[in-house]
S.K.: 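If you scroll down you'll find the structure; I have some questions about it.
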Amino acid sequence: MTKEQYEKWSSPFRKFKHGAAALRYTDKAITGAVFLAYPVLLAGFAFFQRFEQLFYCCLIPAVSFTLLSVFRKAYSAPRPYEVFSIQPLLKKETVGKSFPSRHVFSAFVIAMTFFYWNRAAGATIGTMGILLAYIRVAGGAHFPKDVIVGALLGILCGLPYLYL
């Protein structure tokens, strides 16, 4: 991605008076909805005493999120606003730790967790993950490769559900 490509992706949000605020609000709304849905799913498994499903639905995301976080911290790739000296639309002050996107990874591993239980719910959250990936790039927080790899890793980490 070049600075010109970033400016092209972000221009629809920069043109309008409240475009950047709408992008930030949508980023927070999708992130919040996905991350609130996950404990609701876990509570449902606990309520209906489906403890084996509860165990795997806690274990797989927790282990994969931890491993991704360790890798990301060690690799510490720069963010677009560091490389291009731009003002991101999403308020970020983090230095490095851009690759892969943890927001997008989390959305997709949670989508896979839901997919294990209900395919329609998993597909809905996966769709939200795609929109979140676009927002994270257009907002200047990540490069396209960061969100693509985050999504692919989230899906790969969720594949063990298919064998349970």
S.K.: So, for F84 and F143, is the gap between ring centers shorter than 6.0 Å?
M.R.: yes
S.K.: What closest approach, in Å, do L153 and P100 show between heavy atoms, and which atom pair accounts for it?
M.R.: CD1-CG, 3.9 Å
S.K.: Answer yes or no: are there more than 12 heavy-atom neighbours, outside F35 itself, under 6.0 Å from its atom CZ?
M.R.: yes
S.K.: Let's go through L54 and F47 carefully: what are the C-alpha distance in whole Å and the side-chain angles of both, what is the deciding distance for side chain to side chain contact (heavy atoms under 4.5 Å, CB included) to 0.1 Å, and is it a yes or a no?
M.R.: CA-CA 10 Å; L54 176 63; F47 180 79; over 6 Å; no
S.K.: So, for S98 and P80, which heavy atoms are closest and what is the spacing to 0.1 Å?
M.R.: OG-CD, 4.4 Å
S.K.: At what distance, to the nearest 0.5 angstrom, does CD1 of I110 lie from CG of L41?
M.R.: 9.5 Å
S.K.: Over 60° means perpendicular and under 30° means parallel, so classify the ring planes of F114 and W117, tilted if in between.
M.R.: perpendicular
S.K.: Which residue is it: I130, V34, L156, T113? I am looking for the one with a side-chain contact (heavy atoms from CB on, under 4.5 Å) to F108.
M.R.: I130
S.K.: Decide yes or no on side chain to side chain contact (heavy atoms under 4.5 Å, CB included) for C157 and F105, but give the supporting numbers first.
M.R.: CA-CA 9 Å; C157 289; F105 167 81; 3.9 Å; yes
S.K.: Can you confirm whether I60 sits close enough to M112 that some side-chain heavy atom of one is under 4.5 Å from a side-chain heavy atom of the other?
M.R.: no
S.K.: If you compare all heavy atoms of V104 against all heavy atoms of G150, which two are closest, and at what distance to 0.1 Å?
M.R.: CG1-C, 4.2 Å
S.K.: With the side chain counted from C-beta on, respond yes when T94 and Y81 share a heavy-atom pair under 4.5 Å apart, and no when they do not.
M.R.: yes
S.K.: Please work out which of the three classes, parallel, tilted or perpendicular, describes the rings of Y116 and Y161, given edges at 30° and 60°.
M.R.: parallel
S.K.: How long is the span from the NZ atom in K73 to the CG atom in L68, to the nearest 0.5 Å?
M.R.: 14.0 Å
S.K.: S10 and A138: which non-hydrogen atoms are nearest, and at how many Å?
M.R.: CB-O, 3.3 Å
S.K.: For the residue pair R136 and K92, establish whether any side-chain heavy-atom pair is separated by less than 4.5 Å.
M.R.: yes
S.K.: CZ of F99 to CD1 of I148: how many Å apart, nearest 0.5 Å?
M.R.: 10.0 Å
S.K.: Under 4.5 Å between side-chain heavy atoms, counting indirect links through other Ile/Leu/Val/Met/Phe/Trp/Tyr residues: same cluster for Y25 and I30 or not?
M.R.: no
S.K.: Is the shortest heavy-atom distance from the side chain of V63 to the side chain of L67 under 4.5 Å?
M.R.: yes
S.K.: Check whether F115 and Y163 end up in the same hydrophobic cluster, where Ile, Leu, Val, Met, Phe, Trp and Tyr are linked by side-chain heavy atoms less than 4.5 Å apart.
M.R.: no
S.K.: Is it the case that one hydrophobic cluster holds both L59 and F51, taking links as side-chain heavy atoms less than 4.5 Å apart, direct or via other members?
M.R.: yes
S.K.: Can you check side chain to side chain contact (heavy atoms under 4.5 Å, CB included) on R102 and S69, steps first, answer last?
M.R.: CA-CA 8 Å; R102 216 166 34 182; S69 296; 3.0 Å; yes
S.K.: Counting only heavy atoms not in F71, do more than 12 fall under 6.0 Å of its CZ?
M.R.: yes
S.K.: Check G126 against A111 and note the closest heavy-atom contact, atom names and distance.
M.R.: N-CB, 3.5 Å
S.K.: Rounded to the nearest 0.5 Å, what separation is found between the OG atom of S11 and the OH atom of Y6?
M.R.: 10.0 Å
S.K.: As an exercise, state the distance from CG of L23 to CZ of F16, rounded to the nearest 0.5 Å.
M.R.: 13.0 Å
S.K.: If you round to the nearest 0.5 Å, how far is CZ of R79 from CG of L90?
M.R.: 10.0 Å
S.K.: Determine, step by step, whether E4 and K8 satisfy the side chain to side chain contact (heavy atoms under 4.5 Å, CB included) criterion, reporting the C-alpha distance in whole Å, the side-chain angles of both residues, the deciding distance to 0.1 Å, and the verdict.
M.R.: CA-CA 6 Å; E4 292 75 27; K8 183 178 178 181; over 6 Å; no
S.K.: I'd like to know whether D146 forms a side chain to side chain donor-acceptor pair (under 3.5 Å) with S101, so could you lay out the CA-CA distance, the side-chain angles of the two residues, the decisive distance to 0.1 Å, and finally the verdict.
M.R.: CA-CA 5 Å; D146 301 339; S101 169; over 6 Å; no
S.K.: Surrounding CZ of R50 (heavy atoms of other residues, nucleotides or ligands, distance under 6.0 Å), is the total greater than 12?
M.R.: no
S.K.: Write down the atom of G96, the atom of S76, and the distance for their closest heavy-atom approach.
M.R.: CA-OG, 3.7 Å
S.K.: Are F48 and Y38 connected in the hydrophobic side-chain network, where two residues link if heavy atoms are under 4.5 Å apart?
M.R.: no
